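Structure first, commentary second.
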Number of protein chains: 2
Amino acid sequence: MNLRELSESLGLSQTTVSRALNGYPEVREETRLRIQAAAEAAGYTPNSRARRLATGRSMAIGHVMPLTGREELVNPIFADFIAGAGEVYAREGYDLLLSMVPAEGAEAAYRQMAANASVDAVMVQAPTLDDPRIALLQDLGLPFLVHGRTANPSTYSWFDVANVRAFRRATDLLLDLGHRKIALLNGQETLDFALRRRRGFEDAMAARNVAVTPQWMRAEVMTEQYGYRAACEMLDAEMSPTAFVVSSIIPAIGVRRAAGERGLRTGRDISIICHDDALSYMGNDGLNAPEGPAFTATRSSIRAAGRRCAEILLRLIDDPDQPPIQELWETELTLGRSTGPAPT
Amino acid sequence: MNLRELSESLGLSQTTVSRALNGYPEVREETRLRIQAAAEAAGYTPNSRARRLATGRSMAIGHVMPLTGREELVNPIFADFIAGAGEVYAREGYDLLLSMVPAEGAEAAYRQMAANASVDAVMVQAPTLDDPRIALLQDLGLPFLVHGRTANPSTYSWFDVANVRAFRRATDLLLDLGHRKIALLNGQETLDFALRRRRGFEDAMAARNVAVTPQWMRAEVMTEQYGYRAACEMLDAEMSPTAFVVSSIIPAIGVRRAAGERGLRTGRDISIICHDDALSYMGNDGLNAPEGPAFTATRSSIRAAGRRCAEILLRLIDDPDQPPIQELWETELTLGRSTGPAPT
DNA sequence: TGGCCAACTCAAAGCGCTTTGGAGAATGCG
DNA sequence: CGCATTCTCCAAAGCGCTTTGAGTTGGCCA
């Protein structure tokens, strides 16, 4: 059943039927109801392909999911982010077009999305300090929202969490607990968020006149193995840290594994504090858990971020020439069982 | 730049230009080269919306990512699966349309995809024993591939891993190590794969005349917290298991956490064997890890599965009336550090 | 020379919808 | 009553591509 057939069956023009179904005011209410009823009865759904061509809108948002590292790892954090965004898209009638490409291929992916106009806007994730994608998208004239920021974030719309403050507070907590030998297991420091987190860490240490120890600072792709290996090396060295600030719950699990193998109790012999994206399957929220969260963490739900980013992006589509929308969320410091006073 | 402009600039008809660019034989090679050069020079890309309307194909595959449980959890396993599938789609020029809906909404999502023809085929994941989506899709005439199987898998195309054998072997390994008090932390047993895994576990136990202990068998959404809580309860009980068979690496991490808190060394005081989907950020593959994988596991890369599923699905699109394609992969049993002889 | 086939190329008809620019009918106003 | 509005509704022109069916060449053979 298409529009022509439906309108013929009603003895009306396609124009009227189309307008009735799309809520335009030029059609009498009574007629509209009759048309809607007929459409429903006939199981009519407008062909989205035809509609897209006619309107020039894709009703789709492009997400380019970066595959990081040489092994092209798939970060589970993006799954939650996308789930959040997807909720909003679904609600607003948008499709989510997902393109997974290694970091080098991202530019080509965006170019193609712009060239064949398969999406109305794109979401940019995990920007580097001076991310070339931003200039590219501005150039292409494709609306976009950056989840995160770059060094110079004034010219475009972005959404971010307060990474510096989050990591400063996390480090402060450890310092308050008496820790002085603190390691930082950061994410890749080509990414802007990692640099901000490092700054938060360093600021906190400097404010207390605690020197940072270079061999206790790492910056790699945030896998479980990375946390494990880094912790193993540090814990096996002559001088070892008593606390770890970790960029994600995943490497934090690796740190706990390393500690456990050495007979060190997390939260007593060793403290771990991590950033927690509130990944749903990790359930570090402490909900339904009388014992509380496993990890003390700076928490910010990546899924909620996805929802918010989607909302902002859709606003950007409606009026692409408005001034940039920029939003910063604070994180929440949640106490879990992975931190305790520095061992004496 | 559109086709009309391009063809006018060349002094050729749209037909010829279109055919030249799409590789039809009716155009002289010399002409084709001239056209291609001009298209490239002009930066011409066919408008995908127009093309989709004209061809009646969407060049897109729908994935409906189920949000499980009351909390609508996002399973990170799907991220890897989708990444694998996405690789293939990108290579073949297909888009990946992702729709995230709670389990109850899946049917509506598929219906809509079929109704407005926004995709050429869909991927069905995590089927239940008698999944209604299959009849629905057959009814709608939308090509689909099931990742997993149902109770009666003869009428449709599917791809699955040998879950029964995997879990039988896993359990056998523990039995060989002398364990008799073995717990099963399964996934939700509404899902077909979980039932198969349970069967594998029970078969192995029965073959050795070891009785299963009902209170050591759980079936829930595979979160870290689930593994933790279940293990806590079992380990704190009067009689406690010495080994755990776990449906995924994520709850296995929870089991390890529970054990660690109790001062039990994983791989010595307690054994854990889990199914490992080779999630990239978990890195349980033991690659680049001289100490080997953390967990002994039945391994099958979910990403490779995604790739294979995509390949099969695309074949199905090309010829929807062919007999069902069905493929079963074996898992690989990898020894890690989480298993050891039963404590005496 | 005429006829036929291959090799090219083209005009035009869709694909199914939205949207512009009216047209006719009903209503309001002086 | 006549004219201007306001409601309703319509015909037709796109959107930019693919594809059908129909030429138009030029070469080759009888």
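Owing to the predicted nature of the structure, the values given are computational and were not obtained by experimental measurement. All values below come from the heavy atoms of this structure, side chains included, with hydrogens, waters and symmetry mates left out. We name chains A, B, ... by the order of the sequence lines, and we start the count at 1 in each one.
With DNA chain D read from its 5' end, the first of the two nearest nucleotides for B:Y24 and B:A50 is the one closest to B:A50. Map A:E26 and A:R4 each onto its nearest nucleotide of DNA chain C; the residue landing nearer the 5' end is A:R4. Toward the 5' end of DNA chain D, the nearer of the two residues A:Q14 and A:R28, judged by each one's closest nucleotide, is A:R28.
In this structure, B:R49 atom CZ and D:dT18 atom P are separated by 15 Å, rounded to whole Å. One can place CG of A:L10 at 11 Å from P of D:dC9, the figure rounded to the nearest angstrom. D:dC9 atom C1' lies 10 Å from atom CD1 of A:I35, rounded to whole Å. Atom CZ of B:R57 is separated from atom P of C:dG16 by 16 Å (rounded to the nearest Å). Straight-line distance from the CZ atom of B:R51 to the P atom of C:dG16: 18 Å, rounded to whole Å. Distance CG (B:L6) to P (C:dC10): 12 Å, rounded to an integer number of Å. At whole-Å resolution of the value, CG in A:L53 and P in C:dG16 are 12 Å apart. Atom CG of B:L3 is separated from atom P of D:dC15 by 13 Å (rounded to the nearest Å).
In this structure, A:T31 reaches the sugar-phosphate backbone alone: every heavy-atom distance under 4.0 Å involves primed, P, OP1 or OP2 atoms, never a base. Among the atoms of the strands shown, none is found under 4.0 Å from any heavy atom of A:R52.
Closest approach to the B:A54 side chain among C:dG16, D:dT18, C:dT18 is made by D:dT18 (side chain taken as heavy atoms from C-beta onward). Proximity note for A:T16 (side chain, C-beta onward) versus D:dC9, C:dC10, D:dT18: the nearest is D:dC9. For B:N47, whose side chain is taken as the heavy atoms from C-beta onward, the closest listed nucleotide among C:dC17, C:dT9, D:dC17 is D:dC17.
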Salt bridge (charged side-chain N to carboxylate O under 4.0 Å, His left out) between B:E30 and B:R34: does it pass, once the steps are laid out? CA-CA 6 Å; B:E30 179 195 321; B:R34 189 161 59 96; 5.7 Å; no
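Between B:R91 and B:E87 there is no salt bridge, since no side-chain N of the basic residue sits under 4.0 Å from a carboxylate O of the acidic one. Using a cutoff of 4.0 Å between basic side-chain nitrogens and carboxylate oxygens, B:R315 and B:E311 are not scored as salt-bridged.
Here the closest heavy-atom approach between residue A:G148 and residue A:P127 is recorded as C-CG, 3.9 Å. In this structure, A:V161 and A:R149 approach most closely via the heavy-atom pair O-NH2, 3.8 Å.
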So which protein N/O to nucleotides 26-28 of chain C N/O distances come out below 3.5 Å?
none

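One N or O donor and one acceptor, one from the side chain of A:T15 and one from the base of C:dT19, sit under 3.5 Å apart.
For the pair A:N2 and C:dC15, the criterion of a side-chain N or O lying under 4.0 Å from OP1 or OP2 is not met. Close to C:dT18, at under 4.0 Å from its OP1 or OP2, lies no side-chain N or O of A:T55.
Neither side chain, A:Y24 nor A:R32, offers a donor N or O lying under 3.5 Å from an acceptor on the other.
Just one residue in the list A:N22, A:T31, A:L3 forms a side-chain contact (heavy atoms from CB on, under 4.5 Å) with A:V17, and that residue is A:L3.
Using bins of under 30°, 30° to 60° and over 60° for the plane-to-plane angle, the ring pair A:H63/A:Y89 lands in the perpendicular bin.
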